[in-house]
Amino acid sequence: MSPIRTTTLSRSRRYIIGILVLCIAAAALTYVLFQARFLIEGPMISLSPEPDIIHHERQIMLAGMAKNITAITLNGRSIMTSETGVFNEPIVLENGYTVVRFEARDRFGRTAAIERSFVYVPPPSSVTIAH
């Protein structure tokens, strides 16, 4: 009877070891995918707070966050971010309609871009009527 018992124990030990190996492999794969999510997502840009479209001031500040980037530009001009990806850039609005474009690139060459349109309307007190 003892040989049957050791065979049964050996078989159950193999199942337990197999299940443990599968659990460890699944946990390792989950961890790798979780850490690789930033590589998979690519570059991301967001403005916060989202600016209004119509402005009565000539200069506005655009603030936001860029993630997973190596370089970011504003209308083709490089801008700096903090270590956490936060940026804060002043923009001078032209008379009427202005388009602003942020473009970010990651280390794999993937790009992300956002465009925002603004309209500069002079304050009512500065409008003069010609006679």
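Closest heavy-atom contact between Asp106 and Gly42: OD2-CA, 3.9 Å. Scanning both residues, Ala104 and Pro43, for their nearest heavy atoms gives O-CG, 4.1 Å. When all heavy atoms of Glu50 and Leu47 are compared, the closest pair comes out as OE1-O, 3.8 Å.
Taking the charged nitrogens against the carboxylate oxygens, Arg77 and Glu103 have no contact shorter than 4.0 Å, which rules out a salt bridge.
Enclosure of atom OH in Tyr15 is not indicated, since only 12 or fewer non-hydrogen atoms of other residues, nucleotides or ligands lie within 6.0 angstrom. For Arg105, the CZ atom sits in a loose shell: 12 or fewer heavy atoms of surrounding residues, nucleotides or ligands are nearer than 6.0 Å.
With a 4.5 Å cut-off on side-chain heavy atoms, Tyr31 and Leu33 do not count as touching. When side chains are defined from C-beta on, Met61 counts as touching Asn88, because their heavy atoms get closer than 4.5 Å. Phe87 is listed as a side-chain neighbour of Ile72, based on a closest heavy-atom distance under 4.5 Å. Side-chain contact check for Met65 versus Ser48: every heavy-atom pair is 4.5 Å or farther apart.
Going from atom CG of Asn68 over to atom CD of Glu41 covers 6.0 Å, rounded to the nearest 0.5 Å. The distance from atom CD1 of Ile54 to atom CG of Leu93, rounded to the nearest 0.5 Å, is 12.0 Å. Rounding to the nearest 0.5 Å places CD of Glu89 at 4.5 Å from CD1 of Ile79. Here the CD1 atom belonging to Ile91 is positioned 4.0 Å from the CG atom belonging to Leu74, to the nearest 0.5 angstrom. Here the CG-CG distance, from Leu22 to Leu29, works out to 12.0 Å after rounding to the nearest 0.5 Å.
Using modelled atom types, one finds no donor on one side chain facing an acceptor on the other under 3.5 Å when comparing Thr98 with Tyr120. Using a 3.5 Å distance cut-off with no hydrogens or angles, the side chains of Thr84 and Ser82 do pair a donor with an acceptor.
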Pair Arg58-Glu94, salt bridge (charged side-chain N to carboxylate O under 4.0 Å, His left out): steps then yes or no = CA-CA 7 Å; Arg58 176 96 40 202; Glu94 300 292 328; 5.6 Å; no

